[in-house]
Amino acid sequence: MTDTTILHRLAETIESRKSADADSSYVAKLLHGGRDKILKKIAEESAETLMASKDGNPDQVIYETADLWFHCLILLAHHGLTPNDVLKELERREGVSGITEKASRTKE
């Protein structure tokens, strides 16, 4: 199994870019661009992941999913969240039927 600390190391790097000059860092540029810029990038990476899957190329699926996850880490940082927040939620859901979990969500 691959060590998940890579998520934490990436999150720390992303966090350190919050105060960086936008001209010196791609991550800083996205963070300084705000939520809409980050969301646009996530939409783009999501579409690329979908297309890689549709094309049936496993290597490309891995590559595009890595891009998607990376940009999701940037979104988490934008909201002051970390990979641990997501991991805790996944842990909470572990062993719970997807149907049961979905039914337990409050209606908005």
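This structure is a prediction, so every number in the text was calculated from the model and none was measured.
- When every heavy atom of E45 is checked against every heavy atom of L68, the shortest pair comes out as CB-CA, 3.9 Å.
- Remark: side-chain polar atoms of N57 are paired, donor with acceptor, to backbone N or O of Q60 under 3.5 angstrom.
- In this structure, H32 contributes its side chain and A20 its backbone to a donor-acceptor pair below 3.5 Å.
- Distance alone, capped at 3.5 Å, places no donor-acceptor pair between the S25 side chain and the R17 backbone.
- Panel note: side chain H71, backbone D67; a donor-acceptor pair is recorded below 3.5 Å.
- A distance of 11.5 Å separates OG1 in T82 from CD1 in I14, rounded to the nearest 0.5 Å.
- In the hydrophobic clustering of this structure, W69 does not group with L50; members are Ile, Leu, Val, Met, Phe, Trp, Tyr whose side-chain heavy atoms approach within less than 4.5 Å, directly or through other members.
- Using a 4.0 Å cut-off between charged side-chain N and carboxylate O, E44 and K40 make no salt bridge.
- Between L75 and I42, some side-chain heavy-atom pair lies under the 4.5 Å cut-off.
- Within 6.0 Å of atom OH in Y63, 12 or fewer heavy atoms from other residues, nucleotides or ligands are found, so the atom counts as exposed in its surroundings.
- A donor-acceptor contact shorter than 3.5 Å links the side chain of S24 to the backbone of D21.
- With respect to K88 and E91, no salt bridge is recorded, no charged nitrogen being found less than 4.0 Å from a carboxylate O.
- For the atom pair CD (E15) and CG (L73), the distance works out to 11.5 Å, reported to the nearest 0.5 Å.
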Are N84 and H8 close enough, and set up right, to give a side-chain contact (heavy atoms from CB on, under 4.5 Å), and what steps lead you there?
CA-CA 8 Å; N84 270 345; H8 303 291; 3.0 Å; yes
Yes or no on side-chain contact (heavy atoms from CB on, under 4.5 Å) for I74 and L31, after CA distance, side-chain angles and deciding distance?
CA-CA 7 Å; I74 294 172; L31 288 168; 3.8 Å; yes
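- Counting non-hydrogen atoms of neighbouring residues, nucleotides and ligands closer than 6.0 angstrom, the NZ atom of K18 exceeds 12 such neighbours.
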Tell me, with the steps shown, if T5 and R9 meet side chain to side chain donor-acceptor pair (under 3.5 Å).
CA-CA 6 Å; T5 60; R9 291 194 310 268; 3.0 Å; yes
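- Here the CG atom belonging to L7 is positioned 11.0 Å from the SG atom belonging to C72, to the nearest 0.5 angstrom.
- The shortest distance between side-chain heavy atoms of V27 and F70 falls below 4.5 Å.
- Atoms CD1 and OG1, from I6 and T13 in turn, are 8.0 Å apart once rounded to the nearest 0.5 Å.
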